[in-house]
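This report concerns only the one structure given below.
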Amino acid sequence: MDVPPASNSRLLERLTPEQQNAVVHIDGPMLILAGPGSGKTRVVTHRVAHLLESGIPEWQIAALTFTNKAADEMRARVDSLAPGKQVWMGTFHRFCAQLLRRYAPMVGLQENYSIYDTSDSKQAMKRAIEAAGVSTSHASPDQISNLISKAKNKLITPEVWQTQIVSPQEKVASQVYPVYQKQLLVANAVDFDDLLLHVATMLRMNPELRSDLDARFRYIMVDEYQDTNLAQYAIVRGLSVDHPNLSVTGDPDQSIYGWRGADLNNILDFEKDYPNVKTVRLEQNYRSTPNILRAADQLIRHNRRRKQKDLFTENDEGPAVTLKFCSDGFEEADSIADDIVNLVASETAKPSDFAIFCRMNSLTRSVEHALRGRGVPYQIINGVEFYQRKEIKDILAYLHLVNNPSHDVALMRVINTPTRGIGAKTVERLQAFGDRHSIPLLEAARRVDEVDSIAKRSQTMVKRFVDLYDKIAAKATASLEEVIRYVVQESAYDKYLEKSAPDGEDVSPLANVDELVTAAADFDRRHPDDGSLDAFLEQVALVSDTDAFDDSDERVTLMTLHASKGLEFPRVYIIGVEDDLLPHKRSKDDDSQFEEERRLLFVGITRAEYSLQLSCCKRRMIRGEFRPVIPSPFLNELPLEEMQRIDSVQRGAWLDDVDQSTPSDWDMPAIQIDQDGINQDADTSFDFGANDHAKEDIAQFEDVDLDSPPPEPEKASDPVPQIGTLKTAADLMTFNRPPITAFQEGTRVRHSDYGVGVITAVSGRGPKRMARVEFNEGEHSFRLAFAPLELAD
Ligand code: ATP
Ligand code: MG
């Protein structure tokens, strides 16, 4: 074992000898193979600080993380350990985006290339499918996208693919692939997969560049290595040939991105790839109680393709893990919300201690409803959502087009937004003209005079649009904030929104546009020298869903199991641990997918520090109807004898089916129920809410509309929580919100902007309940569940 130098004593404090051993390692490959909560991420940050202390220049170090959030945390921690050092830290995609910015011409792009987000890629794919002239009867556009994405992640080029086709779907996809790639190049754009593919190709095709970059990034660290795909593997491998100081940390049991091309072999074979590797195993868990660890361990032992790791902890035993059976999703949600209210009220916990995980985003709806009804503040981790809003995408499309005039998807988005009389037929004809001449759409629009099939009147409209574009483009060197304001004003987007905004929404699209202006102003402030438009757009394109997660906020966190990777919370609830959901129906015919589902539950369980509850229901509401469901077979694999079982408060229905006398009778799958259950209509796949980006595009299954608000009458009165641990006035405001039912016709209310008013009408139920309020300055409608309204008296 290396002996830590004396000067590092502060850095090495609060590290175990094994962790220190990994931290002080400098040259040569290293594999840190360890279970959850054993300090892998902590070792990475400390090792960066140690390398700096050892005199390694900061620009020779790169730490690759799985999410931007993880990178930010790492940066903050490194900054506290080694202040002021600028080490490259970020996701693979960001790393590649920046390399590509520099070397774009090597792969046929220009430096100002654009990154297509998922919906942009979908648009581009649609166009490519049309241009390729293939029939989609064998493969849907989504299937084609997924297959192409998988091919890219495996570094398969269109030419190679042609020789390897096995299925009719692949045949179709392989015909679209070269057309799609060509159109991306003409548009000077890449999709998320291309970021990796282009960099991997660049390194392979240019030995000199590869060796320059190998020398530049001499010390590379990769956290969560078990989730890398072949393209990511090729990149880090390519950068550590001459200087094989590659250090990776991972846990094969936490590999949950197989569906996105992650290859578990990358970690399992690391020792073969680097024969002189130093392997470090960390066996002490610092995160969880023994109860939680035993549950995790027993579960994961059922996976066959794994090496057993023994984790121990010196933490206190803590409470037993609970398994809760509920009648339906609403009861499940209500009971969790009640729990939280009670624990916060008794000052045993604070809202940010709680996290609620689920397999699919749609499951959170009933929980949101329950939390909102009790005034409990919460955050849903889905950071990309803001940037997917129509108004935000519209404004960003103008910016994309200014930054990259070849960005056809952006042009199609804004050419008639706001409406300016340019119809779909005109756009199609411009497209055909552009395709014929291999020119971008904007160029085709400039040459609209030559497109005879477009009527004179429409030609004039197109010319006006080009003039507008030129005006905006001339402004491009101003600050980002000014550019955005200018776009909104010149395109009359604000007026367009005012006209089309739905009444009664408390977050208006215009307010979102204001938020974008604020984000831009913030970016200007933080990048006084290098705040270029493409840097801003790159940042926006690479936003990941966990970016929005704010752990300093006093709020309960709701997220998918995929998004929970790497995080930790004192109190965790995992809802919907049911057959066909977790494991998902689609995983059942494939052993490796089934094992990945088990790992997903394992990841969720191991996020918990102190308390953990798993729950499942007897029925769930799907598209307005209750459907029977059965518990997950994974529940049977847990140490049931030491867990606490809680049954539904509405016992009757549940107990008809379940004999609960002994633990072995918890043999869930034996319960007789209608197998047509949950996913009969939901035969597509789910919203992974995954980390990073590039996710929805590979969704294996569509989102299922689960637990949408109940159709039954609202409860007579929602309990007003008694909560005693509120710290700030702001907390008080959010916490003590009255129940929706307190707002009736004639009720006097106070609004933060409009002052005091009187409710003149109420309509709708549950979260859709609306109130019309008359204020001094006029009438406004609000959705009660969200509106900043208080009782005035
Ligand atoms: P995961 O596999 O879930 O990503 P991990 O192995 O990366 O987990 P960390 O997140 O680095 O684990 O550490 C888990 C928790 O344990 C963190 O709160 C960390 O601060 C704490 N921890 C790690 N090592 C020690 C130590 N030696 N002393 C005290 N606390 C520690
Ligand atoms: Mg970690």
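Atoms within each ligand, like the ligands themselves, are counted from 1 in listed order.
The residue from R14, R287, E314 that puts a heavy atom closest to atom 10 (O) of ligand 1 is R287. Residue nearest to atom 4 (O) of ligand 1, selected from E73, Q20, E224: E224 (by heavy-atom distance).
Every N/O-N/O distance between R77 and ligand 1 stays at or above 3.5 Å. Where the criterion is an N or O separation shorter than 3.5 Å, residue side chain and backbone included, G39 meets it with respect to ligand 1.
Scanning all protein heavy atoms for the shortest distance to atom 2 (O) of ligand 1 gives K40 NZ, 2.5 Å. The nearest protein atom to atom 17 (C) of ligand 1, hydrogens excluded, is given as E568 OE2, 3.3 Å; this is a heavy-atom distance. In this structure, atom 11 (O) of ligand 1 lies nearest to the protein heavy atom R42 N, 2.9 Å. In terms of protein heavy-atom proximity, atom 22 (N) of ligand 1 is nearest to Y286 CB, 3.5 Å. In terms of protein heavy-atom proximity, atom 27 (N) of ligand 1 is closest to Q19 OE1, 2.9 Å.
Within the 4.0 Å heavy-atom shell around ligand 1 one does not find D251. Distances from ligand 1 to the non-hydrogen atoms of G37 include at least one value under 4.0 Å.
E368 has no carboxylate O lying under 4.0 Å from a charged side-chain N of R365, or vice versa, which leaves the two without a salt bridge. Remark: E637 engages R598 in a salt bridge, criterion side-chain N to carboxylate O under 4.0 Å. Using a 4.0 Å cut-off between charged side-chain N and carboxylate O, K40 and D223 make no salt bridge. Between K350 and D353 a salt bridge is recorded (basic side-chain N to carboxylate O distance below 4.0 Å). Ionic pairing of D79 and R75 is not present here: no N-O contact between side-chain nitrogen and carboxylate oxygen is shorter than 4.0 angstrom. E317 and R294 are joined by a salt bridge, as a carboxylate oxygen and a charged side-chain nitrogen come within less than 4.0 angstrom of each other. With salt bridges taken as basic N to acidic carboxylate O contacts below 4.0 Å, none links R305 and D591.
The distance from atom OG1 of T606 to atom CD1 of I292, rounded to the nearest 0.5 Å, is 9.5 Å.
Below 4.0 Å from some heavy atom of L15 lie the following atoms of ligand 1, by number and element: 27 (N). For ligand 1, the atoms sitting less than 4.0 Å from at least one non-hydrogen atom of S38 are 5 (P), 6 (O), 12 (O), numbered in the order shown with element in parentheses. Close contacts of ligand 1 with R607, meaning ligand atoms under 4.0 Å from a residue heavy atom, involve 3 (O). Heavy-atom proximity to Q254, at under 4.0 Å, picks out these atoms of ligand 1: 2 (O), 3 (O). If you number the atoms of ligand 1 from 1 as listed, the ones under 4.0 Å from a heavy atom of G35 come out as 6 (O).
For Q284, no heavy-atom contact with ligand 1 is shorter than 4.0 Å. With a 4.0 Å cut-off on non-hydrogen atoms, K565 does not touch ligand 1 at all. Under 4.0 Å from ligand 1, heavy atoms of T41 appear from its side chain as well as its backbone.
Remark: the backbone N or O of S592 is not paired with any side-chain donor or acceptor of E595 at under 3.5 angstrom.
Checking T41 against the Mg ion (ligand 2), an N/O/S atom falls under the 2.8 Å cut-off.
No option in Y225, F95, Y257, F92 other than Y257 meets the ring pair (Phe, Tyr, Trp, His ring centres under 6.0 Å) test with F66.
Figure legend: cation-pi geometry between R287 and Y610 absent, as NZ or CZ is not positioned both under 6.0 Å from the six-membered ring centre and within 45° of its axis.
Within the 6.0 Å centre-distance limit, the rings of F594 and F634 are counted as a close aromatic pair.
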